[in-house]
Every structure is written in C-alpha cells, then in structure tokens.
Amino acid sequence: MGIEKLHLEDALEDSPQTRSLLSVFEKDAMTLKKYTTGLHNCCQRIMKAQNELCAATQSLSQHLRDFEIQKFPLESDDSVLSSTLKQFSSYLDDVSSIQQVLSAQFSETMMYPLSRFLQADLEEVTTLCEMYQIASNEHDSAMNRYMRLPKKKESERQKSEYNEELYLMRKKFHQTSLHYYSSLNALQYKRKCSLLEPVMGYLHAQRAFFQMGQDAVGKKEIEDFLNNISTSVQGVQQELQTETKKTVELIDSLEQQSAHLYHAEPMVDMPYIPPNTTLTQKAGYLYVRRGKHFHVPGPIGKQLIATKWERCFFFTVGGNLMSQARDELAGSLVLDLNEPGVLAEPHESDDRRFVFQIVSPKNKRNVVLQAENEREKDEWICTLNNIVRESGYVKGKGGGPQAKPKERTSSSSSMSKPGSGSVSPDQASISSMSSTGAVPKTPAPTPSSSFVADAPIQFDLLTPTSQNGGVAPSLPGPPNPEPRINPFDQSANEVLDTLDSAIDNSTFVESFVVRFLGSMEVTTDRGEKLVHETMRQIMAARAIHNVFKMTESRLVVSSEAMRLIDPATNTLRTTFALADISFWAAHPENTRLFGFITRTKPPGATNSTFSCHVFECNISAEEICQAIGTATKLAFQALMQRKLPPGVGKEKKAMEKIQQVKTREKNILLQNIQQLEDAPEDEEDSLHNLPLSPDGKYLVLTAADESEDGMESGDLSQPMEKLTVESMQQPISDSFDTEDVEPESEA
C-alpha cells in the first residue's frame with residue numbers, strides 16, 4: 001500500500017478538496033507529535049533509571065569498601081568478612097562500569113534519534129502550519145482589496161498597487177504551501193524511521209550489555225568465588241542453628257538454676273541455702289551510703305548530714321575493696337583491707353535492711369553497705385573478714401609465684417554449680433599472669449597493623465630490682481617509714497624534694513605524679529593514631545583481664561632525661577634518655593592519659609625496636625606533653641651549643657655589644673633632638689652653643705657619655721675584620737642521632 005501524499009500541483013489552486021485533504025494530514029501530524037512525546041517520556045524514564053542504577057551500584061561498592069575502615073569493637077583487623085566484602089566491591093565496580101556503558105548507549109541510540117525527531121521534524125511542521133495560516137489570511141485580504149477596485153480610470157494607480165500586492169501575497173502563499181506540503185509528505189516517511197530507531201537502539205544496547213556482562217561476570221574465577229562464599233554462608237548458617245539450639249538449652253538451664261535468685265529475699269517455701277563462709281573473693285552489686293554535710297547559718301551553726309544510697313558494683317582484688325559504676329571503664333579503690341584493724345560487721349540502720357559496715361580505725365572511716373538479703377550480707381561480711389584474717393594480700397609485697405589464684409564468685413549466687421566456684425585453665429593462666437606482671441598477648445594483627453604480632457602487654461614496670469635481682473640504689477633523702485601499696489592514691493600535690501646530681505644540674509626540671517598503665521611493642525617510632533590505638537588496646541586488656549593495680553611513680557622530666565622514681569622508697573625505677581624518646585601525645589578525649597614511644601637498639605642488633613608506654617596522671621596530660629617538648633628543645637639547644645667552635649661564641653657576643661652601643665647612641669640622639677624641639681624661645685640661644693661636628697650635621701656627645709660607654713666601646717676598638725670564625729672541624733657526637741635531635745610532639 002502506497003503512502004498518501006499532498007499534490008504540490010494543487011497548492012496554488014487551493015481548492016476545497018485540497019484543503020480537506022490538508023486538514024487530514026495536519027490532524028495526523030498532531031496525533032503523531034502527541035504519541036512521540038509520550039514515547040520520549042518513557043525512554044527518558046528508562047534513561048534516568050539506568051543512571052540511577054549506575055549511581056546506586058557505585059554507592060554500594062563504596063559502602064562495601066568502607067567496611068574495612070570501620071572501627072567495630074568486636075571485629076578483628078584480619079577479619080575474613082572485610083576481605084570478602086572488598087572482593088565483592090571490586091566485582092561491583094566491573095558491573096558499574098558496564099552499566100555506565102549501557103547508559104551511554106541509551107543516550108546515543110535511543111534518546112538522540114527520538115529527541116531529534118521531536119525537535120527538528122515535528123516542530124518544523126508545527127511552525128510551517130502557523131506560517132501557512134498567516135500566508136493564507138494575507139492572500140485572502142489582498143484578493144479582497146483587489147476585487148473591490150472601481151471601474152474609474154482615475155484609480156489606475158491604485159489598481160497597479162493592489163495588483164502588485166496580490167502578486168506578492170500569492171507568491172508567498174504558494175511558496176509556503178509548497179514547503180508545508182512537502183514537510184507533511186516527508187513526515188509520512190520519517191515516522192517509520194524515527195519511531196523504530198529508538199526501540200532498535202534500546203535492544204542493541206541491551207544485547208551489548210548482556211554480552212559484556214557475560215564476559216565480565218561469567219568468569220570461572222567469579223563462579224568459584226561465589227561457590228566458596230555460598231558454602232561458607234551455609235556453614236555459618238548451620239553453626240548459627242547449632243549455636244541457637246545450644247543457646248536455647250542454656251537459657252532454659254540458667255532459668256531453672258536461677259529461679260531462686262529472682263526473689264531478692266527467698267520465699268518461705270524455698271529451700272534454705274546457707275551462706276558460704278569460706279570465700280576469699282567476691283563481687284556483686286551493693287548499695288553504698290554516701291553522706292553530705294550542710295551548714296545551717298545561725299548562732300549555733302548546726303551541721304546537717306544528708307545521706308544518699310547509690311548502687312555500685314563491688315569486688316575484691318589484691319586485698320583491696322573496689323567499686324565500679326556502670327559507665328566506668330575501671331574500678332576505683334574504696335578501702336584497703338590490709339590496714340590494721342579493718343573489720344566487717346553488721347550495722348543497724350533505721351531506714352534500711354541487710355546493712356553492714358566496714359570499719360577502718362587507721363583511716364577513721366566507716367563504709368556502710370547494703371545487700372539484697374541476709375545471706376548476701378553474711379557472705380560479704382565473711383569474705384571481707386577472711387581477706388583481713390588470712391592476709392590474702394601481704395602488705396608491701398606483690399603477689400609472688402606462690403600466690404594461688406583465688407576463687408571469685410558472683411554475688412548473685414554462692415551455691416556450688418557446674419562451672420562456677422572454680423577457675424578454668426585459661427582463667428587461671430590469666431589470673432596468675434596478672435598477679436605476677438606477665439600479660440596476655442595481643443591478637444595477631446594484619447600486615448598493615450602498627451603492632452607487632454603476638455606482642456605482650458606489660459602491666460608492671462621492670463625496676464632494677466626485678467631485672468638484675470639486686471637492690472635499686474636509693475636516692476638521697478629519707479625513705480618513707482612504711483611502703484605504700486595503694487595503687488589508686490590520687491595525691492597530686494606531693495613534690496619530689498631530693499633528686500640526684502644530674503637532675504640538680506639540669507636547666508629544666510618538672511615533677512608529676514603518674515601511674516603506669518602498660519606498654520607494648522609497636523612497629524614504628526611515631527604517629528598520633530598509633531599512640532591512641534595503643535591506649536585503647538591497653539585499657540581494653542586491663543578491663544578484659546580485670547587488671548586494676550597500677551604502679552604509681554613520680555615522673556621527673558628534665559633537660560637530661562626522664563626518670564620514674566618510686567615515691568615510697570625514693571628509688572629510681574627506670575630512666576628514659578631524651579634521645580630515645582621519638583614521639584609523645586595525649587589522649588584526645590581522656591585528658592588524664594598520655595603516652596610516648598621509645599626506641600631501643602639491643603647489642604648486636606641491626607634494627608631498633610619501638611615500645612609505646614601509657615600513663616595516667618592527675619593533671620591535664622597536655623602539661624606533661626608540653627614539659628617533654630620543652631625538655632627536648634633545651635637538650636637540643638645544649639647539644640648544638642656544645643658542638644659550636646669557640647670563635648662562634650665570641651663573635652656572637654661581640655656583635656651583641658656592637659648592637660647595644662648603636663642602640664644607646666641612637667637613643668641619646670633622639671632624646672637631644674626631642675629637647676631641641678621642645679625647648680622654649682629663651683633657651684634657643686643656649687642650645688645654639690651645643691658642640692656640633694665640623695659639618696654641622698651631628699651632635700657631639702659629652703665627655704660624661706663617652707666615659708660611660710668607655711668600657712663597652714673600648715672592647716670594640718679592634719676592627720671587625722679580626723673577628724674570624726673558626727671552621728666547624730670537630731665532628732658532632734653520636735649522643736643524639738639526626739632523627740632523634742628534635743623529635744616530633746603531639747599534644
């Protein structure tokens with residue numbers, strides 16, 4: 001079937017039949033434009049969806065890659081999940097690149113032809129339709145004016161004008177009609193191409209996309225990877241099912257065993273459970289009474305005491321009674337049970353039941369506590385008295401090799417149950433290591449980690465006594481009469497009275513009270529993040545293994561070295577040379593924590609080892625870091641001063657004297673000039689008599705001024721040419737390495 005056309009030969013005649021056929025073509029063109037606009041909107045939605053899919057795939061890939069940098073407290077650095085998600089992200093990057101190619105092909109083969117058809121062809125037809133209507137109206141108007149001309153001869157000129165106007169309008173109408181008819185005829189052909197090209201381009205792009213996807217994703221490597229991951233996921237799901245089953249059984253067992261613990265005070269029908277009076281360690285929640293004094297103004301000046309009961313977690317460790325709130329990372333000392341005369345006994349309270357108190361005559365302090373029931377109260381009293389009576393923690397001594405790991409039971413139950421009341425081999429090893437200073441090892445890090453694999457955390461300082469088996473030399477000064485073993489003493493105002501001769505001769509000395517938290521080996525010698533991560537590792541290890549003891553020392557920072565001194569015996573524990581300290585930093589959130597990195601080169605070793613030491617202080621750690629920075633700068637300046645040749649110092653002093661003389665002369669000259677400007681008229685004659693230089697430009701100084709500066713100017717009478725600088729021929733000592741002279745600091 002042929003394509004309908006408008007006959008161009010009938011354009012000039014413009015018959016009603018031609019007009020009727022033209023209206024059909026115009027209606028068809030408008031319908032085609034409406035349909036094409038809808039098709040363009042559909043394709044535009046596909047294009048937007050494809051672009052959004054590309055962006056979403058890229059975002060998913062980046063989010064999977066960000067898993068590696070997340071700080072999950074329970075996720076290890078060498079997690080298999082992290083590497084697996086990273087591999088998935090690489091595959092998603094390949095898919096995203098293919099999707100971007102598909103999006104580009106949609107734009108070229110689908111959107112471009114359709115947009116061109118709408119903007120070029122259909123818009124052209126619409127424009128020509130408007131022009132045709134205008135030309136037709138103008139032609140009709142010219143024809144009407146021409147046909148109304150009269151028969152009079154005097155209107156020949158007007159006839160000629162109207163005839164010329166009709167000629168122009170008819171020519172314009174004919175040309176516009178020809179273009180309009182030809183555009184409508186061509187539109188019948190273009191509709192088939194323009195409507196088929198977008199769909200054809202869409203299918204071609206999809207075929208190419210699937211082909212590229214098959215080549216990129218259908219590799220044997222990806223297939224094996226997905227199979228392995230599927231097997232692993234199935235294994236984890238089976239483990240989850242097994243663990244869920246065990247957890248359900250354990251929950252049922254715990255609910256049955258803990259049925260008698262739900263009631264704070266046992267019911268009458270429950271069997272009687274006697275208290276365990278042989279415990280030497282105990283932990284659990286108790287209520288502690290805290291009082292606050294209020295002064296009432298008046299002539300008598302009465303004192304009112306307001307009491308408040310707070311719930312805290314109490315436990316015994318190392319002969320000390322500790323307490324810890326829920327939001328605290330470590331416990332704090334409540335009472336030293338090794339003090340003479342400590343006694344736990346029942347206490348009568350007007351408003352509370354099950355109350356007992358711990359009396360310390362030496363400190364003149366009573367700690368009033370409340371338990372949940374009578375059995376808990378009796379167990380706590382017996383446990384505390386057992387610790388005092390049996391001396392589970394010898395005063396002035398640490399837990400030696402003979403110290404056995406003691407039983408630690410929960411306050412919620414003191415019955416003999418399977419798995420409770422005994423220490424597993426792992427727990428026993430941890431307990432023994434904590435008591436002797438040996439520490440658990442850190443988990444094996446990834447290759448990119450800054451920590452040494454299986455590096456132990458040292459919780460105690462290695463003093464000269466523990467290292468060499470001898471006695472550490474005592475510094476001058478009277479030792480304390482009794483050794484202090486309280487690791488939680490917060491006395492910050494004590495100052496070290498006597499230091500050794502090296503400290504006395506230092507140009508800079510500051511003393512701080514610090515407590516050693518731990519140290520561990522690291523792989524690099526600097527880095528703020530490294531120090532912060534070491535702090536986190538040590539604090540987490542202390543919390544996990546219940547290590548609450550801290551060694552208190554006086555940190556003496558001088559321009560010679562950093563020393564840790566035992567405040568109880570006034571003995572030197574250890575010394576850190578400033579040349580060995582490579583980096584120091586304070587904790588960004590906890591202002592009482594700071595750490596520094598030291599380097600050590602064992603004899604015969606080619607490479608140095610690095611250790612990060614973490615301390616807690618009473619003041620802001622920024623002050624200690626500033627003191628360390630000041631000490632290192634002074635040490636560096638002293639070292640550079642010692643390395644300068646003798647002539648350099650003399651020349652510097654001579655230049656300073658010259659500068660002083662010039663400054664003095666300038667000041668005198670300015671003062672005289674000021675006097676001249678401020679002098680009254682009756683004194684101008686006397687000022688003219690002042691001694692001037694021969695050229696009259698300068699004021700001659702008086703003899704008194706010359707004699708005053710005689711001593712200083714006399715030393716400078718020799719010309720500057722004689723002040724030579726000796727070449728620095730002496731080699732710089734190796735006491736400071738070039739990289740150690742001015743270490744970095746981060747406060």
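Just so you know, these numbers come straight off a predicted model, no measurement behind them.
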**Report entry** From CA spacing to verdict: side-chain contact (heavy atoms from CB on, under 4.5 Å), Cys617, Ile624
**Finding:** CA-CA 9 Å; Cys617 58; Ile624 300 181; 3.7 Å; yes
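- Distance alone, capped at 3.5 Å, places no donor-acceptor pair between the Ser253 side chain and the Glu249 backbone.
- Checking side-chain atoms of Ser258 against main-chain N and O of Glu255 turns up no donor-acceptor pair under 3.5 Å.
- Partners of Tyr91 by ring pair (Phe, Tyr, Trp, His ring centres under 6.0 Å), not counting sequence neighbours, listed by chain and number: Phe225.
- For the pair Arg65 and Asp93, the salt-bridge criterion is met [side-chain N within less than 4.0 Å of a carboxylate O].
- Of all non-hydrogen atoms in Val288 and Cys312, the two that sit nearest each other are CG1-SG, 4.5 Å.
- The shortest distance between side-chain heavy atoms of Gln458 and Met520 does not fall below 4.5 Å.
- Applying the ring-ring contact (aromatic ring centres under 6.0 Å, His included) test between His613 and each of Phe594, Phe459, Phe596, Trp584 identifies Phe596 as the sole match.
- Summarising the geometry of Ile46 relative to Phe106, their closest heavy-atom pair is CG2-CE1, 3.9 Å, with the distance given to 0.1 Å.
- Contact annotation: the side chain of Gln100 never approaches that of Asn51 to less than 4.5 Å [non-hydrogen atoms, C-beta and beyond].
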Report task. Show your working on side-chain contact (heavy atoms from CB on, under 4.5 Å) between Ser107 and Met47 and close with a plain yes or no. Result -> CA-CA 7 Å; Ser107 177; Met47 188 68 191; 3.5 Å; yes
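- When only modelled atom types and interatomic distance are considered, Ser582 and Arg526 share no side-chain donor-acceptor pair under 3.5 Å.
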Requested in this report: Check the pair Cys612 / Ser519 against side-chain contact (heavy atoms from CB on, under 4.5 Å), numbers first and verdict last.
Outcome: CA-CA 5 Å; Cys612 184; Ser519 65; over 6 Å; no
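- Residues Tyr202 and Thr109 form no side-chain contact, since every pair of their non-hydrogen atoms from C-beta on lies 4.5 Å or further apart.
- Across all their heavy atoms, Glu376 and Glu372 have their closest contact at CB-N, 4.4 Å.
- When side chains are defined from C-beta on, Thr598 does not count as touching Asp525, because their heavy atoms never get closer than 4.5 Å.
- Closest heavy-atom contact between Glu622 and Ala586: OE2-CB, 4.0 Å.
- Under the 30°/60° scheme for interplanar angles, the aromatic rings of Phe313 and Tyr285 are found to stand perpendicular.
- To the nearest 0.5 angstrom, His587 atom NE2 is 6.5 Å from Met535 atom CE.
- Ser61 contributes no side-chain N or O that, together with a main-chain N or O of Thr57, makes up a donor-acceptor pair within less than 3.5 Å.
- For the pair Arg599 and Phe610, the cation does not sit on the ring face, since its NZ or CZ is not both under 6.0 Å from the ring centre and inside 45° of the axis.
- Counting heavy atoms from C-beta outward, Thr575 and Met562 have side chains that stay 4.5 Å or more apart.
- Shown here for Cys43 and Leu114, the closest heavy-atom pair between the two residues is SG-CD2, 3.9 Å.
- More than 12 heavy atoms of other shown residues, nucleotides or ligands fall within 6.0 angstrom of atom CD in Gln70.
- Interatomic distance, CH2 of Trp380 versus NZ of Lys282, reported as 6.5 Å (0.5 Å rounding).
- Salt bridge annotation for Arg536-Glu533: present, with a cationic side-chain nitrogen under 4.0 angstrom from a carboxylate oxygen.
- Listed for the Ser59 side chain is no donor-acceptor partner under 3.5 Å among the backbone atoms of Ala55.
- Here the straight-line distance linking atom CZ of Phe88 with atom CD1 of Ile229 works out to 5.5 Å at 0.5 Å rounding.
- Taking a 6.0 Å sphere around OH of Tyr35, one finds it holds 12 or fewer heavy atoms contributed by other residues, nucleotides or ligands.
- Rounding to the nearest 0.5 angstrom, the gap separating the OG1 atom in Thr524 from the NZ atom in Lys529 is 12.5 Å.
- Here the side chain of Arg542 pairs a donor or acceptor atom with the backbone of Leu517 at under 3.5 angstrom.
- Cation-pi geometry between Arg563 and Phe576 is not met: the NZ or CZ atom fails to fall both under 6.0 Å from the ring centre and inside 45° of the normal.
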Query - side-chain contact (heavy atoms from CB on, under 4.5 Å) between Val101 and Phe209, intermediate numbers included - result: CA-CA 8 Å; Val101 173; Phe209 169 74; over 6 Å; no
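- The side-chain heavy atoms of Thr383 and Gln281, taken from C-beta on, include no pair separated by under 4.5 Å.
- You'll find the side chain of Pro113 stays beyond 4.5 Å of the side chain of Ser194, heavy atoms only.
- Counting all heavy atoms, side chain and backbone alike, Ala635 lies closest to Leu578 at CB-CD1, 3.8 Å.
- A donor-acceptor pair under 3.5 Å is formed between the side chain of Thr632 and the backbone N or O of Ile628.
- Using modelled atom types, one side-chain atom of Gln324 and one backbone atom of Glu328 make a donor-acceptor pair closer than 3.5 Å.
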Query raised in the report: Should Ser103 and Gln99 be marked as a side chain to side chain donor-acceptor pair (under 3.5 Å) after you check the CA-CA gap, both sets of side-chain angles, and the distance that decides it?
Result: CA-CA 6 Å; Ser103 179; Gln99 290 174 346; over 6 Å; no
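- Arg116 and Glu197 are joined by a salt bridge, as a carboxylate oxygen and a charged side-chain nitrogen come within less than 4.0 angstrom of each other.
- Of the inter-residue distances, the one linking Arg573 atom CZ with Thr551 atom OG1 reads 6.0 Å to the nearest 0.5 angstrom.
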Query raised in the report: Between Gln62 and Asp66, does a side chain to side chain donor-acceptor pair (under 3.5 Å) hold up when you go through it step by step?
Result: CA-CA 6 Å; Gln62 183 62 36; Asp66 291 343; 3.0 Å; yes
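- Looking at Ser115, its side chain never comes within 3.5 Å of a backbone N or O of Tyr112 through a donor-acceptor pair.
- For the pair Asn320/Val334, no side-chain contact is recorded, criterion being any heavy-atom separation below 4.5 Å from C-beta on.
- How far CE of Met212 is from CG of Asp215: 9.0 Å, rounded to the nearest 0.5 Å.
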